[in-house]
Protein chains: 2
Amino acid sequence: MTGVRPTSPLDRVAGAHDAAVLAVARRGDPVSRADVAQALQVTPQAVSKILGRLMDRGLVAEAGTIVSGPGKPTTLYRIVPSSRRAIGLHLTRSRVHGVVVDLTGEILERRELETGHLQPVPELIATLAAEARELAVVGPGELLGAGLGMPGPVDWTEGVYRGSSEPDPWRGTPIRHLLAEELGLPVLLDHDSRAALVGETWSEPGLLRNTALVLVEDGLGASLCLDGVIVRGAHSHAGEAGHTVVRMGGTPCSCGRFGCAQAEYQAALDDGDAELAAQVLATVVLNLVRLVDVDRVVLGGRTVYAHHARSMEAIRRALTQSLQAEPWIHVEVMLSTRGTDLIAVGAACEVLTHEYGLPQALVGPE
Amino acid sequence: MTGVRPTSPLDRVAGAHDAAVLAVARRGDPVSRADVAQALQVTPQAVSKILGRLMDRGLVAEAGTIVSGPGKPTTLYRIVPSSRRAIGLHLTRSRVHGVVVDLTGEILERRELETGHLQPVPELIATLAAEARELAVVGPGELLGAGLGMPGPVDWTEGVYRGSSEPDPWRGTPIRHLLAEELGLPVLLDHDSRAALVGETWSEPGLLRNTALVLVEDGLGASLCLDGVIVRGAHSHAGEAGHTVVRMGGTPCSCGRFGCAQAEYQAALDDGDAELAAQVLATVVLNLVRLVDVDRVVLGGRTVYAHHARSMEAIRRALTQSLQAEPWIHVEVMLSTRGTDLIAVGAACEVLTHEYGLPQALVGPE
DNA sequence: CAGGATAAGCAAACGCTGTTGCGTTACGTC
DNA sequence: GACGTAACGCAACAGCGTTTGCTTATCCTG
């Protein structure tokens with residue numbers, strides 16, 4: 001495999017433009033050649049070529065014309081949602097939640113399975129594969145692959161579940177490889193909060209350029225999208241905001257430290273102090289705003305729904321209070337629209353992003 | 001200015017490759033055509049063309065040959081440090097520190113000026129311009145521009161000092177514009193901790209892909225480089241780690257919140273508890289590791305030098321203790337080699353990076 | 001109901017990128 | 001001095017977006 005150079009730099013130019021046009025088209029409304037040219041900063045003529053390529057691949061189709069004054073009517077183009085599909089799986093210790101989505105990230109079918117107990121690895125892979133196979137038969141369009149989102153330290157690059165310190169039967173398992181082999185499909189493995197954010201950015205292209213997604217499931221996570229790029233970090237462990245200390249010397253946490261956000265949040269809930277729990281969340285969010293200057297915060301996860309009105313209120317209040325001296329800063333706080341499908345959909349969108357998302361860099365390594 | 005498209009996508013390909021070759025060359029040792037081809041994943045022939053372009057611009061020169069067995073000897077190339085220069089200024093409330101650096105970021109000349117008091121804006125601009133002009137005459141090479149690093153909220157995009165909540169004569173000043181006008185040179189304005197990190201990444205190309213720089217001057221800041229990109233955020237306010245809460249309900253901070261890292265750090269120092277201060281720093285660092293998974297931490301800033309042995313020890317201890325369950329994670333903690341020139345050099349490197357650094361994205365807006 | 005103005009889109013030629021194929025150069029070895 | 005080897009240069013090439021000029025389709029005017 002030495003010296004393999006699968007794509008030339010010119011392919012990368014075309015590929016990046018293809019992805020960019022797809023991102024514009026994904027916003028929903030049909031677009032004109034001129035719209036795209038404006039958005040990509042290229043000539044209308046170039047857009048014709050790009051759209052031609054995408055139409056050849058069946059990703060885009062013409063969508064009628066509109067007349068707007070004199071001159072030839074504008075041709076409109078739209079994305080073809082049914083041209084591609086991806087499977088998304090959300091794995092927790094007691095449940096497997098699966099979806100198939102189309103090219104725009106809309107759900108075609110949903111499945112939920114209670115496993116009840118922690119399955120050993122071979123059984124786990126079999127369960128995941130069975131779920132995926134059930135979902136694979138739904139809907140038209142080319143099936144691109146499957147994404148899997150799960151909590152805990154997960155290595156996206158290697159596709160390995162690293163696991164926590166406590167005894168853990170899944171620790172160190174190369175889940176991506178095993179499942180890909182079993183399914184005969186490309187598989188991507190990612191941390192649940194990052195998968196969720198990938199899903200949100202896929203659905204709202206261009207909007208969430210500097211966004212934090214705070215996920216409250218069994219644990220507490222927060223993933224970041226900065227300048228349009230999902231942050232994964234050096235060992236692809238980014239997102240463990242739950243193990244960020246917000247009260248030095250506070251509640252002991254399972255990780256061995258004291259005053260982790262996750263421990264404080266859980267302790268507050270156990271005390272029945274939902275207000276304090278919301279304040280912990282607000283602190284985490286405000287810390288993110290100060291540290292990396294996000295202007296959008298998305299809340300999601302099973303646990304957060306029970307308290308979401310209070311949580312959002314607390315976060316908004318903390319933000320306006322702390323930012324009153326900086327009126328030019330506005331931070332939008334919103335609840336994910338995906339509900340409990342958030343992570344499964346996100347995992348599916350990992351595949352879509354991998355295939356049709358904007359490439360990160362132009363030049364190769366370095 | 002509507003519809004201006006100064007660079008075509010092909011220019012951007014060439015530009016990105018030029019920058020990448022320059023980054024490789026900046027590492028110091030002369031490089032061969034084959035080395036570069038390997039690093040950039042392009043053909044040796046393409047490297048010849050790229051090097052040709054760079055040699056035409058005087059940025060690179062041949063540096064002899066080496067024989068390694070039979071065949072034609074390998075031609076070596078090296079960067080020409082003296083071909084370009086940039087000015088860097090570090091502004092604080094009581095001091096202006098300035099440098100001129102060459103293309104590799106090495107200092108050609110250094111100046112230090114105590115202003116003693118907070119100058120009104122016109123006087124400030126005059127002082128900065130005078131310093132810059134003194135530095136501008138030193139050394140050969142084309143002068144590219146000047147960079148200015150300063151504490152507090154700074155808008156890199158607009159070139160405006162936003163200022164804090166307290167009465168501040170500089171608040172809202174478009175410093176970049178004013179200084180550029182006065183000097184007749186391009187000027188870049190950035191937050192001190194981000195400027196410092198730009199400097200570090202310029203000096204160590206490729207090494208600091210996921211790095212946090214913790215800067216302890218009058219305040220406390222931490223800037224991030226993730227996947228090789230400096231994080232500036234939605235309003236380019238990223239880096240205010242000092243106003244990140246590490247002890248909810250703790251020491252009141254000037255920003256109105258309680259338990260900000262900066263307030264806790266200062267309170268510990270005021271109590272003469274250097275150990276606790278170091279622990280606050282360690283907490284900030286560990287939070288960064290958990291949140292964005294950096295694998296390198298650079299310490300810098302005037303204040304940190306007084307306690308750097310203890311600080312680094314505390315940080316290293318906290319890291320090994322917290323990460324013992326995850327042996328695959330290694331976080332390198334180091335002290336900046338730039339000493340008190342850190343920010344001034346960084347500000348100069350902002351200009352170098354702007355001109356010859358790797359571009360962020362291939363396609364235009366979106 | 002023609003004719004002109006206007007706007008969108010197509011086709012071909014162009015400039016530029018990196019790539020490919022092949023010949024040249026300079027070295028060590030026999 | 002002939003030969004093999006490795007680095008390199010030249011020329012032709014493919015593919016990207018750009019430019020230019022023409023065609024098409026609509027509205028507006030007389």
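Here the structure is a predicted model, which means the values were calculated and not measured. Side-chain atoms are counted along with the backbone in the values below, which use heavy atoms only and exclude waters and symmetry mates. So that the names make sense, note that chain A is the first sequence line, chain B the second, and so on, each numbered from 1.
Across D:dT19, D:dG9, D:dA7, the shortest atom-to-atom separation from the side chain of B:S48 is found for D:dG9. Comparing D:dC8, C:dG9, C:dA26 against the side chain of B:T75 picks out D:dC8 as the nearest.
Distance A:H17 NE2 to D:dG15 P: 18 Å, rounded to the nearest Å. As rounded to whole Å, 10 Å separates atom P of C:dT19 from atom CG of A:D11. Residue A:L10 contributes atom CG, which lies 8 Å from atom P of D:dG17 at whole-angstrom precision. What separates CG of B:L51 from C1' of C:dG18 is a distance of 14 Å, to the nearest Å. In this entry the distance linking NZ of B:K49 with P of D:dC8 reads 16 Å, nearest Å. In this structure, B:I66 places its CD1 atom 12 Å from C1' of D:dA6, rounding to the nearest Å. If you measure from atom CZ of B:R53 to atom C1' of C:dG15, you get 14 Å, rounded to the nearest angstrom. If you measure from atom CD of B:E62 to atom C1' of C:dA26, you get 14 Å, rounded to the nearest angstrom.
Counting atom types as modelled, A:Q45 pairs no side-chain N or O with a base atom of D:dG17 as donor and acceptor under 3.5 Å. The base of C:dG9 lies outside donor-acceptor range of the side chain of A:K72, with no N or O pair under 3.5 Å.
Note on B:T65: nothing from the nucleic acid sits closer than 4.0 angstrom, heavy atoms only. Residue contacts shown for B:S32 are absent, as no nucleic acid heavy atom lies under 4.0 Å away.
Between A:E62 and A:T75 there is a side-chain heavy-atom pair separated by less than 4.5 Å. Residues A:L54 and A:V21 meet the side-chain proximity criterion, which asks for heavy atoms closer than 4.5 Å.
At C:dG18, none of the side-chain N or O atoms of B:T43 fall inside 4.0 Å of OP1 or OP2 (strictly under the cut-off).
Nearest-nucleotide positions on DNA chain D for A:P70 and A:A46 put A:A46 closer to the 5' end. Each of A:G71 and B:G69 was matched to the nucleotide of DNA chain D holding its nearest heavy atom; the match closer to the 5' end belongs to B:G69. Comparing B:V67 and A:A34 by the nucleotide of DNA chain C whose heavy atom lies nearest to each, the residue mapping closer to the 5' end is A:A34.
Ionic pairing of A:R85 and A:E355 is not present here: no N-O contact between side-chain nitrogen and carboxylate oxygen is shorter than 4.0 angstrom.
Taking all atoms of both residues into account, the shortest heavy-atom contact from B:H237 to B:R194 is C-NH1, 3.6 Å. The two residues A:L148 and A:A347 come nearest to each other via the heavy atoms N-CB, 3.8 Å.
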